[in-house]
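Reading through the structure tokens given below for one structure.
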There are 2 protein chains.
Amino acid sequence: MTRKSDPARSNIRDVAARAGVSAATVSRVLGGVYPVSQQTRARVVRAVRELNYVADARAKAIAGVGTPTLAFVLEDITGPSFALMAYGVEREAARNGHLCLVCGTEGDVRQETEFVEMMRAQRAAAVILVGGTADTPEYRERTRRMADLLASVGSRLVLCGRPPLDAGAPVTVIEYDNESGAHALVAHVLAQGHSRVLFLGGRPDHTTAQGRERGYVSAHRARGVDVDPDLVLHGDFTRDSGHRLMRRALADGLDFTAVVAATDMVAAGALTALHEAGLKVPDDVSLAGYDDIPYARDLYPALTTVHVPYEELGRVAVRTALGRAPGASDEHLLLGTHVVVRDSVKPPKDMR
Amino acid sequence: MTRKSDPARSNIRDVAARAGVSAATVSRVLGGVYPVSQQTRARVVRAVRELNYVADARAKAIAGVGTPTLAFVLEDITGPSFALMAYGVEREAARNGHLCLVCGTEGDVRQETEFVEMMRAQRAAAVILVGGTADTPEYRERTRRMADLLASVGSRLVLCGRPPLDAGAPVTVIEYDNESGAHALVAHVLAQGHSRVLFLGGRPDHTTAQGRERGYVSAHRARGVDVDPDLVLHGDFTRDSGHRLMRRALADGLDFTAVVAATDMVAAGALTALHEAGLKVPDDVSLAGYDDIPYARDLYPALTTVHVPYEELGRVAVRTALGRAPGASDEHLLLGTHVVVRDSVKPPKDMR
DNA sequence: CTGAAAGCGCTAACAT
DNA sequence: ATGTTAGCGCTTTCAG
């Protein structure tokens, strides 16, 4: 028995039949600009309406005229900075008539690899991978392979805030400048007169965390103040990590007058711990964050932090991805950041 | 000239040729379970690897074996509660082997309609529409039409936190209980001894806002305290709205000892305004929010609010959507909420 | 201006 | 176990 399709779903031939024309004609009137007589066009349009017909986008795709698709692969869309990027990506994709697929990986390499392979099968125009990771040989190899595979089907890999690959890989990498952002921020804190500033960092092998930590160190060096290794703590980029680290620092009786957190979320956790300990910010201790997530200014006190143009990052990612030839070799963009001064950093007590 | 495809992209026939078998055989070994001799299988697998072949998912789709897709349409993925739902939707979609398309509408009806039509063309398994709106006849009509159109291609519309349609529409609607959540919250506030509680509401025609406002009113009624109409203000669900409304209330010299905001974002804005005015929460005035977004507990003081199971909402949405027959008529789920007591609500001064 | 037919890349029924 | 042949739903030559 020939697989007769569901009577509800009408296809181009149903429309053609109802309009008394050929499928080719229907395709033409729907296509837009091909010359068709008023008569026929009207009949076809009518049939289309009566049948509520829409051409199957997948069929169009394989015939070469589909809606292009873009994929956005990230760890967890719930993080405010990721959400901002997702927003940028989606908006820019829509602006360019692209559909936008999202995939969460929970930081799991297997899921990431599987998703990318699916996107390759989907013939996605580009796959945007976001979020820092450890920059290991394994990472480079695996990612290089994904880039090549994607390129082989005419797609393109975009790395956003991820370590770049070896030269020649068919990828676009877009980063924001973690090191100089952190440098500027810490310089600001030091300039207020602090000399013992606690750093609440991320995973030691995570490139984003590393960049920010380098900025912390270089700012000290630039000002000629030593960094006390005891003052740099490691955790991850979550609120809970900030909370835990801060409590521990307090319990350990660490000596500091300011704290710089690797992300605003970490700062939020730290702030709560500080409050719990009965410490006032910025009167007793200054606090700064990083990312400038929307909630930063609603913390109390409003958080001094580094603004990262996440939404723009997302937009740029799709723009350059779509602008590039698929097989083109690597390209590297670095977006700037700037510190935004709010109320959480003040000179230390003994300087007032 | 026959449209010879890009030599880089290899198709099933290239693989077949290289392995010295027919396309059908390749399809079979890739398909998995169909009997193929070890010999052939090995050769095919080899050819596949050498060519980095992946079957075109769109072609598979029209042949009837594609990866199903799910669409998530929302106003702005940047809002924390939306992000949470998006997370739930994406995770549950992935768990079920579905791809997840997201579309932002910026609250624009035109964009929404266009997206839904695109999804119909994509033959998405389901389209999940989220976020309250005004429940007008226009809304019902337009949405009913979308539901019918979707149903006509075997897809299904899911309304999440949106006003339900008239009976018989092929939709699934999943709501969270705004009214009783607000009722419980306001009852809690009143129970602390407050009798003049300011309500920072949303758009008067917005169903979510209405539900929460009804809860505010009914809680008063239940306790036999009159609501002063001057104490219910309208804005929208943003942080800025909360800030503005709160400032105005203060400037106008409104008399109240507690404020209940229609969302946590509104509460965050209000809290900032309160701080700016030198008022202490909860010592001078109590404050409560709604939604229990992740940042609620990092506000200072930690915000008493109503927990809405947003992630679960997303998961339930896809589960029921996928579980339902496409043309099935309406179904209505109501998810419960509960108040989470933190530090921002205390008895009023004169009660201590 | 319109239709017949070939093709896009894949799968499945039908033969061997 | 494998190849041949129809499809799937659409677009686009190629002929009129």
Side-chain angles (χ1 to χ4, degrees), chain A residues 1-44 47-48 51 53-67 120-123 152-154, chain B residues 1-45 47-48 51 53-68 120-123 152-154:
Chain A
M1 175 192 66
T2 171
R3 189 177 14 155
K4 196 79 198 81
S5 58
D6 182 339
R9 274 116 133 149
S10 41
N11 61 26
I12 200 170
R13 257 169 281 105
D14 299 330
V15 177
R18 182 168 253 258
V21 298
S22 75
T25 299
V26 175
S27 175
R28 298 203 255 254
V29 351
L30 259 28
V33 288
Y34 200 94
V36 175
S37 82
Q38 283 305 321
Q39 292 280 327
T40 346
R41 152 163 284 115
R43 300 228 311 284
V44 170
V48 164
L51 260 37
Y53 172 75
V54 250
D56 187 315
R58 293 105 35 111
K60 296 186 77 159
I62 90 167
V65 293
T67 311
R120 194 161 82 97
Q122 294 289 338
R123 304 298 189 256
S152 82
V153 297
Chain B
M1 174 194 67
T2 170
R3 188 175 17 152
K4 195 79 197 83
S5 58
D6 183 338
R9 273 116 132 151
S10 41
N11 61 26
I12 200 170
R13 259 170 278 105
D14 299 331
V15 177
R18 181 169 254 257
V21 299
S22 74
T25 300
V26 174
S27 176
R28 297 202 257 254
V29 350
L30 260 28
V33 288
Y34 201 95
V36 175
S37 83
Q38 283 306 320
Q39 292 279 328
T40 347
R41 153 164 284 118
R43 301 226 312 283
V44 169
V45 167
V48 164
L51 261 36
Y53 172 76
V54 249
D56 186 315
R58 293 106 34 113
K60 295 185 76 157
I62 90 166
V65 293
T67 311
R120 193 161 82 98
Q122 294 289 337
R123 304 297 189 258
S152 82
V153 299

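Keep in mind that the numbers below use all heavy atoms, side chains included, and drop hydrogens, waters and symmetry copies. Just so it is clear, the model here is predicted, and its values are computed rather than measured. Residue numbers begin at 1 in each chain, while the letters A, B, ... track the order of the sequences.
A55(A) comes within 4.0 angstrom of sugar-phosphate atoms only, judged by non-hydrogen atoms across all strands, and of no base. R58(A) comes within 4.0 angstrom of nothing in the nucleic acid, heavy atoms only. If you check every strand for non-hydrogen atoms under 4.0 Å, T25(A) touches sugar and phosphate atoms only.
Taking both residues in full, the closest heavy atoms of T25(B) and V44(B) are given as CG2-CG2, 4.5 Å, listed atom of the first, atom of the second, then distance. Closest non-hydrogen pair, V21(B) versus R43(B), comes out as CG1-NH2, 4.1 Å. When all heavy atoms are compared, the tightest approach of R41(A) to V36(A) is NH1-O, 3.6 Å.
T67(A) has its side chain within reach of Q122(B): a pair of non-hydrogen atoms, C-beta onward, lies under 4.5 Å apart.
N11(B) has its CG atom 13 Å from the P atom of dG7(C), to the nearest Å. Atom CG of D56(A) and atom P of dC8(C) are 19 Å apart (whole Å). Remark: P of dG9(D) and OH of Y53(A) are 9 Å apart, rounded to the nearest angstrom. Rounded to whole Å, the distance from CD1 on I12(A) to P on dT12(D) is 11 Å. For the pair R13(A) CZ and dG3(C) P, the interatomic distance rounds to 15 Å; values are reported in whole Å. Note: CG (L30(A)) to C1' (dG9(D)) measures 13 Å, nearest angstrom.
In this structure, of dC1(C), dT11(C), dG9(C), it is dT11(C) that holds the atom nearest to the side chain of S27(B).
Residue R9(B) places no side-chain atom within donor-acceptor reach of the base of dG9(C), judged by atom type and a 3.5 Å distance cut-off alone. For dG9(D), the base has no donor-acceptor partner in the side chain of R123(B) [N/O atoms by modelled type, under 3.5 angstrom].
Both R28(B) and A59(B) sit near DNA chain D, but only R28(B) has its closest nucleotide nearer the 5' end.
Phosphate contact (OP1/OP2 of dT2(D), side-chain N/O of T40(B), threshold under 4.0 Å): present. At dG9(C), none of the side-chain N or O atoms of K60(B) fall inside 4.0 Å of OP1 or OP2 (strictly under the cut-off). The side chain of Y34(B) places no N or O atom within less than 4.0 Å of a non-bridging phosphate oxygen (OP1 or OP2) of dA13(C).
Across the helix from dC1(C)-dG16(D) to dT16(C)-dA1(D), the helix axis at one end is tilted relative to the axis at the other end by 40° (nearest 10 degrees, each axis from five pairs).
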